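The structure appears right after this line, and notes come after that.
Just so we're clear, the structure is a prediction, and the values are computed from it rather than from any experiment.
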Amino acid sequence: MILLTGATGTVGGQVARRLPAGEPVRLLARDPERAAALAGPHTEVVGGDFEDPASLRRALTGVRSALLVTRNPLTHSHDENFLTAARAAGVGHAVKLTTLSVTEPDATDLITQWQRENERLLRASGLSWTLLRPRAFMSNTLGWARSIRAEGLVRSANGTVATAAIDPRDIADVAVRALTDPEKHTARTYALTGPAGVTPVEQTEILGELLRRPLKFVELTDDQVLRELIARYPEPLAHALAESAARGRHGSKAQVEPTVAELLGRPARGYREWAAEQLAEFGGPAAG
């Protein structure tokens with residue numbers, strides 16, 4: 001049995017769709033109804049919460065490997081509770097989704113520090129482990145969809161700063177390998193990026209070409225970025241995201257890693273390929 005947390009999220013849902021047919025899978029979700037759409041003939045959905053250790057113990061019973069995705073950088077209790085329950089249930093292997101910024105000494109924002117500690121907790125847990133460290137997700141640009149549809153406009157910071165963003169499907173493909181063949185991936189850390197550094201201005205141009213309509217890019221100031229983030233997130237998290245965006249101006253996020261191609265035997269998907277399959281979100285035709 002493989003257990004997936006974060007199954008209704010960007011990566012976990014893709015992992016659920018990509019696991020081999022016939023592989024017994026259990027999805028842990030706070031809202032089981034949302035995860036039910038991912039359930040196949042060999043999939044079960046169980047309710048549970050990282051703040052409810054008893055629910056974690058029930059969900060992890062009989063599990064041999066698990067995908068751990070946590071999202072609250074204001075507490076380490078979610079990872080601690082999960083790892084304690086996994087150890088008690090005899091889980092053999094945990095695949096943890098973290099972030100590539102943990103490798104960068106100048107990354108001191110709240111989110112990066114939180115993920116560094118989560119990695120330490122996993123390595124000290126006694127479980128076999130794999131760490132997935134992706135760069136920013138290409139899917140983050142779905143946040144532009146509303147303004148593109150309504151105004152033909154993209155508003156973003158760091159317009160000419162490249163980031164080697166990754167297609168979440170590539171992260172999921174790597175996760176599937178680590179979950180289904182844990183011995184091969186034990187005690188491995190994988191830096192995961194896209195095939196090239198791409199700037200927001202270039203992403204806007206690609207979207208305009210695919211949509212066959214002109215799109216305008218508007219550069220946001222640091223103050224504007226922070227105000228938008230505070231409107232969407234708790235203030236400590238908003239400041240951490242703004243700090244990360246400002247740090248990216250130094251070009252540290254443009255480095256391309258070969259890991260995806262090495263592990264999957266094919267090139268990492270590029271932004272144009274990702275965007276072509278998401279055009280309906282931006283007001284274009286659905287992918288055929």
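- Closest non-hydrogen pair, Gly47 versus Ser55, comes out as O-CB, 4.3 Å.
- A salt bridge links Arg64 to Glu23: one of the charged nitrogens lies within less than 4.0 Å of a carboxylate oxygen.
- With 3.5 Å as the limit, one finds a donor-acceptor pair spanning the side chains of Thr108 and Glu243.
- In this structure, OG1 on Thr103 lies 12.0 Å from CG on Leu131, to the nearest 0.5 angstrom.
- Between the side chains of Lys253 and Thr193, no donor N or O sits under 3.5 Å from an acceptor N or O.
- No continuous path of ILVMFWY side-chain contacts below 4.5 Å connects Val63 to Val176, so the two sit in separate hydrophobic clusters.
- Between His239 and Leu226 the shortest side-chain heavy-atom distance falls below 4.5 Å.
- Side-chain contact of Thr186 with Ser128: a donor-acceptor pair under 3.5 Å is present, judged by distance alone.
- Looking at Gln224, its side chain does come within 3.5 Å of a backbone N or O of Thr221 through a donor-acceptor pair.
- A side-chain donor-acceptor contact under 3.5 Å links Thr141 to the backbone of Met138.
- Using a 30° and 60° split on the angle between ring planes, His78 and Phe50 fall in the parallel class, below 30°.
- With hydrogens and angles ignored, the 3.5 Å screen pairs no side-chain donor or acceptor of Glu219 with any backbone N or O of Ala157.
- Under a hydrophobic-cluster definition in which Ile, Leu, Val, Met, Phe, Trp and Tyr are linked whenever side-chain heavy atoms come within less than 4.5 Å, directly or via other members, Val225 and Tyr233 are assigned to the same cluster.
- Under 4.0 Å is where a charged nitrogen must lie from a carboxylate oxygen, and between Glu277 and Arg269 no such pair does.
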Task: side-chain contact (heavy atoms from CB on, under 4.5 Å) between Arg272 and Leu210, intermediate numbers included - done: CA-CA 8 Å; Arg272 183 179 293 273; Leu210 293 171; 4.1 Å; yes
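- Taking CG from Leu97 and OG1 from Thr130, the interatomic distance works out to 12.0 Å, rounded to the nearest 0.5 Å.
- A side chain to side chain contact (heavy atoms under 4.5 Å, CB included) with Leu68 is found for exactly one of Leu83, Leu132, Leu122, namely Leu83.
- The shortest side-chain heavy-atom distance between Thr70 and Phe82 does not fall under the 4.5 Å cut-off.
- Note on Arg266 versus Asp173: salt bridge recorded, some NZ/NE/NH1/NH2 to OD/OE distance being below 4.0 Å.
- In this structure, Arg188 places its CZ atom where only 12 or fewer heavy-atom neighbours from other residues, nucleotides or ligands lie under 6.0 Å away.
- Val46 and Leu67 are assigned to two separate hydrophobic clusters, defined by single-linkage of ILVMFWY side chains at heavy-atom distances under 4.5 Å.
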TODO: Apply side-chain contact (heavy atoms from CB on, under 4.5 Å) to Thr43 and Leu27, showing your working.
DONE: CA-CA 7 Å; Thr43 306; Leu27 309 181; 3.8 Å; yes
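- Glu33 CD: 12 or fewer foreign heavy atoms inside a 6.0 Å radius.
- Between Leu110 and Leu74 the shortest side-chain heavy-atom distance falls below 4.5 Å.
- Looking at Asp31 and Thr8, their side chains never come closer than 4.5 Å, going by heavy atoms from C-beta outward.
- Grouping the Ile, Leu, Val, Met, Phe, Trp and Tyr side chains by contacts below 4.5 angstrom, directly or via other members, places Val201 apart from Leu220.
- A continuous path of hydrophobic side-chain contacts links Leu263 to Phe137 [ILVMFWY only; heavy atoms under 4.5 Å].
- The main-chain N or O of Glu281 is found under 3.5 Å from a side-chain atom of Arg149 such that the two form a donor-acceptor pair.
- Listed here is the closest heavy atom pair of Leu279 and Pro285: CB-O, 3.5 Å.
- Between the Arg26 side chain and the Val45 main chain, no donor and acceptor come within less than 3.5 Å of each other.
- Evaluated for a side chain to side chain contact (heavy atoms under 4.5 Å, CB included) with Leu179, the options Val174, Val95, Val25 yield exactly one hit, Val95.
- Residues Ser156 and Phe217 approach most closely at O-CZ, 3.5 Å, considering heavy atoms.
- When all heavy atoms of Leu60 and Ala86 are compared, the closest pair comes out as CD1-N, 3.4 Å.
- Looking only at atom types and distance, the side chain of Thr99 has no donor-acceptor partner in the side chain of Gln115 under 3.5 Å away.
- Looking at Thr5, its side chain does come within 3.5 Å of a backbone N or O of Val69 through a donor-acceptor pair.
- Atoms CD1 and CZ, from Ile111 and Arg116 in turn, are 12.5 Å apart once rounded to the nearest 0.5 Å.
- Using a 4.5 Å heavy-atom cutoff, the side chains of Arg18 and Arg177 are not in contact.
- Proximity of Arg123 to Trp129: side-chain heavy atoms (C-beta onward) are separated by under 4.5 Å at one or more points.
- Put simply, the side chain of Asn81 gets close to the backbone of Ser77: a donor and an acceptor are under 3.5 Å apart.
- To the nearest 0.5 angstrom, Phe282 atom CZ is 5.0 Å from Ile148 atom CD1.
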Task: salt bridge (charged side-chain N to carboxylate O under 4.0 Å, His left out) assessment of Glu104 paired with Arg135 - done: CA-CA 12 Å; Glu104 298 162 1; Arg135 187 53 82 194; 2.5 Å; yes
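- Between His76 and Trp114, the closest side-chain pair of non-hydrogen atoms falls below 4.5 Å.
- At least one donor-acceptor pair under 3.5 Å links the side chain of Arg17 to the backbone N or O of Gly13.
- Here the CD-OG1 distance, from Glu117 to Thr98, works out to 11.5 Å after rounding to the nearest 0.5 Å.
- The two residues Val256 and Gly197 come nearest to each other via the heavy atoms CG2-N, 4.0 Å.
- A donor atom on one side chain and an acceptor atom on the other are not found under 3.5 Å apart for Asp109 and Ser244.
- Using a distance-only test at 3.5 Å, with no hydrogens or angles considered, a donor-acceptor pair links the side chain of Ser125 to the main chain of Leu127.
- A heavy-atom distance below 4.5 Å is not found between the side chains of Lys216 and Val154.
- Note that OG1 of Thr259 is 6.0 Å distant from CG of Leu192, once rounded to the nearest 0.5 Å.
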Open item on the list: Using side-chain contact (heavy atoms from CB on, under 4.5 Å), reason through Val260 and Ile171 one step at a time and then give a plain yes or no.
Closed with: CA-CA 8 Å; Val260 170; Ile171 304 171; over 6 Å; no
Open item on the list: Show, in sequence, the C-alpha distance, side-chain angles and deciding distance for Leu215 and Leu153, and conclude whether the side-chain contact (heavy atoms from CB on, under 4.5 Å) test is met.
Closed with: CA-CA 6 Å; Leu215 299 179; Leu153 192 64; over 6 Å; no
Open item on the list: Determine whether Glu151 and Arg155 satisfy the following criterion, salt bridge (charged side-chain N to carboxylate O under 4.0 Å, His left out), listing intermediate values before the conclusion.
Closed with: CA-CA 11 Å; Glu151 307 171 76; Arg155 298 180 180 89; 2.9 Å; yes
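- Closest of all the heavy-atom pairs between Ala172 and Val11 is CB-O, 4.2 Å.
- A salt bridge links Asp222 and Arg249; the closest N-O separation between the charged side-chain nitrogens and carboxylate oxygens is under 4.0 Å.
- The closest side-chain donor-acceptor pair between Thr10 and Ser139, if any, does not fall under 3.5 angstrom.
- Here the side chain of Thr204 pairs a donor or acceptor atom with the backbone of Pro200 at under 3.5 angstrom.
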